[in-house]
**Student:** 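Structure provided below as structure tokens; questions to follow.
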Amino acid sequence: MSLARQAVEKRGTNFELWSWYYFRISGVLLLFLALGHVYVMHIATPIEEVNYAFVAARYATPFWRTYDALLLLLAMSHGVNGMRLILHDYIRARSWRVFAFSVLYSAALIFTVLGVLVILTFQPQPS
Amino acid sequence: MYHRFDAIVVGAGGAGLMAALQLAQHPGIRTAVISKLYPSRSHTGAAQGGIGAALGNHEEDHPEWHTFDTVKGGDYLVDQDAAEVMCREAVESVYELEHFGLPFSRTPEGKIDQRRFGGHTRNFGEAPVRRSCFAADRTGHMILQTLYQQCIKHEVDFYSEYQLLDLIVNDGVCCGIVALNIKDGEVHIFHAKAILFATGGFGRAWKITSNALSNTGDGVMIAARHGVPLEDMEMYQFHPTGVYKLGILLTEGARGEGGILRNDSGERFTERYAPTLLDLAPRDMVSRFIYQEVKEGRGIKGKDYVHLDLTHLGADVVENKLPDLADFVRVYLGIDPVRELIPIQPTAHYAMGGIPTDIDGRVVLNAEEDVMPGFYAAGECACVSVHGANRLGTNSLVDIVVFGRRAGKHMARHIQEVDFTELPPKPDAFSREQLGQLLSRESGESAAEIRQHLQEEMMDKVSVLRTEDKLKAAQKTVAQLKQAYTRVAIQDRQTWYNSELLETMELGYLLDISEITIAGALVRKESRGAHYRDDYPSRDDANFLKHTLVYGTPDGLMVRYKPVKITKFEPKERKY
Amino acid sequence: MQVTCKIRRYNPTVDEKPYFSVYRAEVEPTDRVLDVLNTIKWYEDGTLTYRRSCAHGVCGSDAMRINGRNRLACKVLVRDVGNRMTIEPMMGFKVLRDLVVDMEPFFEKYKAVKPYLINDEPAPVTERLQSPEDRAKYDDTTKCILCAACTTSCPPFWSNPDFVGPAALVNAHRFIFDSRDQRGADRAAIISDRDGVWRCRTVFNCTDACPRGIQVTNAMEEVKRKLLYDRA
Amino acid sequence: MYRGREGMWSWIFHRVSGVGVLLFLFIHIVDTALIGWGPDVYNAVTTIYHEWAIFRFLQFTLIAAVLYHSFNGVRIIVIDFWPKGFQYQRLMFYGAMGLTVLALIPTGVLLLGPIFGIAER
Ligand SMILES: Cc1cc2nc3c(=O)[nH]c(=O)nc-3n(C[C@H](O)[C@H](O)[C@H](O)COP(=O)(O)OP(=O)(O)OC[C@H]3O[C@@H](n4cnc5c(N)ncnc54)[C@H](O)[C@@H]3O)c2cc1C
Ligand code: HEM
Ligand code: SF4
Ligand code: F3S
Ligand code: FES
């Protein structure tokens, strides 16, 4: 079978196009969210003041919870998509690749669930 | 290894690919293309200026006018029946190339753009005509790419980096070739019903040349070894505008767009020699004008070159119509062609002569035109004699597409009519012995020194201006060099990708070609087209309106003649 | 002038691993690097192996790494590289011998993008018309000589040899943007594959390496945008 | 080795910074999750972040990575969507670098200053 035909057969969807597009869109959103996050947490607030109370106060409003949830989901999907490309680039052996992708996707799932749970369920305790 | 195909095409330049494409259109015919270079590396890709065809996209034009120019340009040594066929089929061939996808430059109406070229005129010599169809100054590149692309589309079988070593002839019938897989050094036998040689030119016999390092005339000499005579080998074209010292070609399109040649005092010297066509006179003449200027001390700073002046054309024309030329000049000379004059000198360029064929590409063996069944040739290695004593610019690309096409078609017919001829016993014995000798000789002469000596001698004595004395001297030198070559030794003993071995074999072909060229030049005691003899400065139709055929025989070279075919145009004095 | 030339050598049939040979040669500043190689091969070491043909940058035979960058040996002058040069084969393809690499996979990729005009309508008697503006859209990418300098300078390609690579994409562009071609979509299927144009990370090494001055990266960006916007 | 130019360096940095930020994101999720264990645990961890110089350096690097990745990300997007973008890729690389360095100055003073005794809070 010619290489050309193989490529056509393999495709079926335009997944890579959307992945590429998603990098750009999530990138633009992240530009504001991530830089905003860095600004708020590291520049505007002296880092010594970032403690339990600070976080608790912040999470009193749904705004910051939404903000953080968005940031988390976007950064995670964008970053994992990036890692997917990188692994595809550098890990050529099939077995290793299966292993690497399993690790990546499992980690992504576990950490996303963990992160989302924290953001949604956090209840400040009196200190 | 043994292979069997119906057709073998040796050479993947314009001529070879065009033939292969014709063959590929017959699903029943199995074709292989053998080439020592990857197809896209063939020297057709270097052609710049354009391909001539009387499309008349700008102004009235007719194939007959084109035929006349071709005949006159070739100083009447052209076989006119062939020229007629070529100029007629040029038109459909160019359209066919366009349909294949060739990206021609376009006129505002979207048609193929055309420009002027040396020697191409309207109404039998009245004034220059726009006949050269072009794609910027990369026409050859586009032809080569387009044909290669079409071959991919038609799934042609390529054996790239296989070097032709020998032709297999059994009892007068051509039945195969021997080739070396350059990569692993294995010798392959290709058995076939029809074999086409399209191996290109041999400019590397000269020191200053526009030709590729691989243009060494392999096919021409291998054919000659099997009793095929070589026709009109003394007719070798020097292109007027090669980059000084390097020989890299600067297209005639530059003059087609209005470029001017100037001598040391800035004079447009062509006015003195060719008042009508000026800088666009045919190449043999312009090259001679330059040699004349140099000889009379009007070369730049008294040296052996003159200037090509494009400064009045403006940046727009130079950058858009001659972009590659501008690039060459900038890279290799460090000069800006928009503002500065370009040093140029004539450069060995094109072989009008070669393996004699009829208009269907069949190789002919004598004046009676007896053919060698199954053997075809097309392109620069062949001589249908459409170029006679001097080829017009753009006519070589026409030659390769028209006669490549015709040869391919004829082969397809031939293949359906005949059976395979059996191979003779041990068809590869000669090649193996040749390789074995070169690989085993421990010490001896250096190929590089022989090559250098040969090229200098040919440049000095067998180029634009020739005399009996010079030719005799060159003949002696070449004989000595051939002697030395029998003792040549190489350093590389590997069979794996041994390029030194191949270069050394190629030198052998160049030596033989030079010998034959000189033999032809010595017997032609007249001046005609590219062959100019200081001692016989005029054309002599009474004695020399005929082709030379040089045969290699065990007792040395033998010269015979073949009449020129004249149909419409009686020889006249050639003035421009 | 005298130049010192360090060349990476390797003959897989006899050498265990690649090594460097150092040569000195007497050349002119205006000589090409190819002339340096020829001088060495012809007068010093006949076993030195490389490809070459046209000697003026139009056939694409002699792309190699000269002082760490992909160049055609016949298109770089000695005066531009100085009197010390290191010459190595292109990266990413198997070395066959010294500076010669295996080009088969390269041409396979080229073929994969269907690099030929596809137009099934019966051709007219004369030429198909095309306006100069339409012709200009793909002019740049018609210049490609398939030298592989771009593809072998591309980091994603080095690690992932399945990437079709810039050269094939340049040639796809050549046809996608040709108004006479009818089946850009077919070709796009291959290009938009996992190892298609989306693998390009805009590294620009390819553009820098292209001896024909083709804006390689831009050609790929045009292809990406075409895929993105033209969703027929 | 290949001697790439700005485009290659920008890509190497982009890739490295992207991976770096993603790894940090994983860590960051874990440390934030500790907040569920109450103020004592959480504050203990954040204190380490604040007091240990090495963590301040890490944070600085992280911010540098985020900044560079963001600015260069914009550069890539401009190249992708603006037909003339490719002509300015080199310029934009220096632009992204410049902005990163610029933004890192106040960050550096705030984060690293205390270690060297400047900008004491
Ligand atoms: C710089 C330059 C510019 C030119 N410009 C023009 C122009 O503007 N217009 C014009 O009409 N003409 C022009 N010409 C002339 C024209 O380009 C050539 O004559 C023509 O392209 C020759 O084509 P070909 O197919 O015969 O041979 P080539 O294209 O030279 O191909 C020869 C083929 O044979 C193969 N081959 C050779 N020896 C062997 C072997 N031993 N074993 C296996 N394969 C072998 C090679 O690999 C190659 O594939 C130009 C020529 C030059 C040098
Ligand atoms: C802040 C704004 C961000 C912007 C504007 C941005 C932009 C981009 C863009 C455009 C790409 C695609 C690169 C390409 O196709 O060549 C990309 C890749 C990547 N990004 Fe981001 N990004 C941002 C934030 C992040 C964050 C927060 C992370 C980590 C979680 C991240 C991790 C990655 C990774 C790993 C890649 C893949 C790199 C590669 O393949 O070379 N990015 N980014
Ligand atoms: S795009 Fe340029 S570098 Fe790439 S193969 Fe074509 S000519 Fe060579
Ligand atoms: S080097 Fe490679 S990543 Fe893209 S811009 Fe060129 S193909
Ligand atoms: S030898 Fe032809 S490109 Fe260099």
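Chain identifiers are assigned alphabetically (A, B, ...) following the order of the sequence lines, protein sequences preceding nucleic acid strands; residue numbering begins at 1 within each chain. Every value quoted in this text rests on a predicted model; they were computed, and no experiment measured them.
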**Student:** Within a radius of less than 6.0 Å around CZ of A:Phe99, do more than 12 heavy atoms belonging to other residues, nucleotides or ligands occur?
**Tutor:**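 12 or below, so no.
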**Student:** For residues A:Ala34 and D:Val66, report the shortest heavy-atom separation together with the two atoms involved.
**Tutor:**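 In this case the closest contact between A:Ala34 and D:Val66 is CB-CG1, 4.4 Å.
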**Student:** So for D:Tyr42, is it side chain, backbone, both, or neither that comes closer than 4.5 Å to the heavy atoms of chain A?
**Tutor:** side chain
**Student:** Answer yes or no: are there more than 12 heavy-atom neighbours, outside A:Tyr21 itself, under 6.0 Å from its atom OH?
**Tutor:**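 Open.
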**Student:** Closest approach of A:Val118 and D:Thr32, non-hydrogen atoms and distance?
**Tutor:**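 Scanning both residues completely, I find the closest heavy atoms to be CG1-O, 4.0 Å.
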**Student:** Would one find more than 12 heavy atoms of other residues, nucleotides or ligands at under 6.0 Å from atom OH of A:Tyr22?
**Tutor:**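 Counting other residues, nucleotides and ligands, OH of A:Tyr22 exceeds 12 neighbours.
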**Student:** Checking heavy atoms, do the side chain of A:Tyr39, its backbone, both or neither come under 4.5 Å from chain D?
**Tutor:**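 Neither part, no heavy atoms under 4.5 Å.
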**Student:** Please identify, among D:Val21, D:Leu25, D:Ile35, the residue contributing the most non-hydrogen atom pairs under 4.5 Å to chain A.
**Tutor:**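 Top option by heavy-atom pairs under 4.5 Å: D:Ile35.
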**Student:** Grab the two heavy atoms, one from A:Asn51 and one from D:Thr46, that are nearest each other, plus how far apart they are.
**Tutor:**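 Looking at all heavy atoms of both residues, the closest pair is CA-OG1, 4.4 Å.
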**Student:** Measure A:Asp68 against the heavy atoms of chain D and call it side chain, backbone, both or neither at under 4.5 Å.
**Tutor:**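 Neither part; nothing is under 4.5 Å.
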**Student:** With rounding to the nearest 0.5 Å, note down the distance linking NE2 in D:His69 to CG in A:Leu30.
**Tutor:** 8.0 Å
**Student:** Above 12 or not: heavy atoms from other molecules or residues under 6.0 Å from CH2 of D:Trp52?
**Tutor:** no
**Student:** Under 4.5 Å from any heavy atom of chain D, what part of A:Val50 do you find: side chain, backbone, both or neither?
**Tutor:**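 Both parts, heavy atoms under 4.5 Å.
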**Student:** Please round to the nearest 0.5 Å and tell me the distance separating atom CZ of A:Phe111 and atom CD1 of D:Ile27.
**Tutor:**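 Answer rounded to 0.5 Å: 8.5 Å.
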**Student:** Can you tell me which portion of D:Glu51 sits under 4.5 Å from chain A's heavy atoms? Options are side chain, backbone, both or neither.
**Tutor:** neither
**Student:** If you take all heavy atoms of A:Leu35 and D:Ser70, which pair is closest and at what distance?
**Tutor:** CD2-OG, 3.8 Å
**Student:** Between D:Phe81 and A:Trp20 (judged by ring centroids, cut-off 6.0 Å), do the two rings come close enough to count as a pair?
**Tutor:**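 Ring centroids of D:Phe81 and A:Trp20 are less than 6.0 Å from each other.
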**Student:** Checking D:Leu62 against chain A: side chain, backbone, both or neither under 4.5 Å from a heavy atom?
**Tutor:**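 Interface part for D:Leu62: neither.
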**Student:** I'd like to know whether A:Met76 forms a side chain to side chain contact (heavy atoms under 4.5 Å, CB included) with D:Phe26, so could you lay out the CA-CA distance, the side-chain angles of the two residues, the decisive distance to 0.1 Å, and finally the verdict.
**Tutor:** CA-CA 9 Å; A:Met76 185 63 86; D:Phe26 287 165; 3.5 Å; yes
**Student:** Calculate, to the nearest 0.5 Å, the distance between atoms CD and CE belonging to D:Gln59 and A:Met41 respectively.
**Tutor:**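 That separation rounds to 10.0 Å.
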**Student:** Taking all non-hydrogen atoms of both residues into account, name the closest pair between A:Met83 and D:Leu22 and its distance.
**Tutor:**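 Closest heavy-atom pair between A:Met83 and D:Leu22: CG-CD2, 3.1 Å.
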**Student:** Using modelled atom types only, decide if a donor and an acceptor are shared between the side chain of D:Asn43 and the backbone of A:Tyr52 within a distance under 3.5 Å.
**Tutor:** yes
**Student:** Could you go step by step and tell me if D:Ile63 and A:His42 meet the side chain to side chain contact (heavy atoms under 4.5 Å, CB included) rule?
**Tutor:** CA-CA 9 Å; D:Ile63 294 175; A:His42 299 275; 3.8 Å; yes
